[in-house]
Amino acid sequence: MENQCQNGTETLLKVSTLNCIDLSNPDIHQSVSLLKQACLDCGFFYVINHGISQEFMDEVFGQSKRFFELPLNEKMKVLRNEKHRGYTPVLDELLDPDNQVHGDYKEGYYIGVEVPKDDPEVEKPFYGPNVWPEDGLLPGWRQTMEKFHHQALEVAKAVARIIALALGLEVDFFDKPEMLGKPIATLRLLHYGGQVSDPSKGIYGAGAHSDYGLITLLATDDVMGLQICKDKDAKPQIWEYVAPSFYSQSWGHARTLEQLYIQVSHFLRSTLHRVLGNGQERYSVRLLTFINLIFIAYFVEPSHDCLVECLPTCKSENNPPKFPPIYCATYLSQRYKDTHAELSVYEKHQA
């Protein structure tokens, strides 16, 4: 437990302790053991020595800040499209409709795998050209984000190889073409402003939810905000803060997610989590306490045509699969539809 003074009142914060996965560790068995324990405990872990330099992370966070500081009318020019590329305004996403009175008090920006308009793959729901701000508005912005997208995917693949070994699979199991050979990989810049979160009134930076992909990597700073609930069925639910790790040295945390959870039938956990804001803005890139919080999330899913089903090492006659098989594209399309506002609500902004 830790004491933190907030608005003049001392508040007890329960902070979760997470395992640390070092991608430079030559002892792969140790990494597998640590990851397996993290998955059994809470589904979250830190990733360090991932190969992305501090200087480049500074640049990515700085460019993210520059975009979110633009006037709303400029950001609305790159509003997300039906492929989920581009800007998502505040309240666009509703993650916990049973407990939220409005959508999430955050804004974001989706960047996916770049696929040209004339490529046959563009017909798939999560492939297509990205939406970019004009070069004259944010010089170098696109180049920075494309480079970061590529580097983050390599980190995710390295984590996936450790996950494969933890599941008793071949190390390259997730490198197959139908898995991460042609992934649905999405970089999402997230900005939480100054709205005060009040769970008793249904107001959250991000409502309680479990992510619905394969792996999420999250870069953040050393300021509290993210919470996890290890037992979502507990009454009452117990929420613990995740102590952030400085983004220049680690990915803050990584999570194993719902889609993999479906595959392995309850071994790798898709942990319930949320984000609370205290009303003071913060930018994580500058480590200024409570200044416009910016997260950088990277979501990695298998290919569109991957049939998501229980893995061979996670089922038996006495332990049959708990969920039916489903294609990745079908599953993700439904989850995005369930959690995002209809694009028609923004028509007046584009008229």
Quiz prompt | Counterpart residues, side chain to side chain donor-acceptor pair (under 3.5 Å), relative to Thr88 (two or more places apart) | solution = Arg188
Self-check item: Ser33: side chain to side chain contact (heavy atoms under 4.5 Å, CB included) partners, not counting sequence neighbours
Solution: none
Quiz item: Who passes salt bridge (Lys or Arg N to Asp or Glu O under 4.0 Å) against Asp22, sequence neighbours left out?
Solution: none
Self-check item: Non-neighbouring partners of Glu170 that pass salt bridge (Lys or Arg N to Asp or Glu O under 4.0 Å), sequence neighbours left out
Solution: none
Quiz item: Considering residues at least two apart in sequence or located in another chain, which fulfil the side chain to side chain contact (heavy atoms under 4.5 Å, CB included) criterion with Tyr327?
Solution: Leu307, Thr330
Quiz prompt | ILVMFWY network linking Tyr204 to Ile238, side-chain heavy atoms under 4.5 angstrom | solution = no
Practice problem: Establish, yes or no, whether a centroid distance under 6.0 Å links the rings of Tyr331 and His304. | Solution: no
Self-check item: Contacts of His150 that satisfy side chain to side chain donor-acceptor pair (under 3.5 Å) - sequence neighbours left out
Solution: none
Distance-only criterion, 3.5 Å: show the donor-acceptor pairs between side-chain atoms of residues 119-128 and protein atoms not counting sequence neighbours.
unit_1	atom_1	unit_2	atom_2	d
Asp119	OD1	Glu121	N	2.8
Glu121	OE1	Lys124	NZ	3.3
Glu121	OE2	Lys124	NZ	3.3
Lys124	NZ	Asp305	OD2	3.2
Tyr127	OH	Lys182	O	2.9
Tyr127	OH	Pro183	O	3.0

Practice problem: Under the side chain to side chain contact (heavy atoms under 4.5 Å, CB included) rule, collect the residues that match up with Ala206, sequence neighbours excluded. | Solution: Leu95, Asp104, Lys106, Tyr192, Val275
Quiz prompt | Pair Arg161 + Asp172: basic N to acidic O under 4.0 Å | solution = no
Quiz item: Which residues pass the salt bridge (Lys or Arg N to Asp or Glu O under 4.0 Å) test with Glu74, sequence neighbours left out?
Solution: Lys77
Practice problem: Give the other cluster members for Trp239, using side-chain heavy-atom distances under 4.5 Å between Ile, Leu, Val, Met, Phe, Trp and Tyr residues; answer none if it is isolated. | Solution: Leu272
Quiz item: Sequence neighbours excluded, which residues qualify as ring-ring contact (aromatic ring centres under 6.0 Å, His included) partners of Tyr109?
Solution: Phe67, Trp141
Self-check item: Residues which pass side chain to side chain contact (heavy atoms under 4.5 Å, CB included) with Arg85, listed by chain and number, not counting sequence neighbours
Solution: Asn81, Lys83, Asn130, Val131
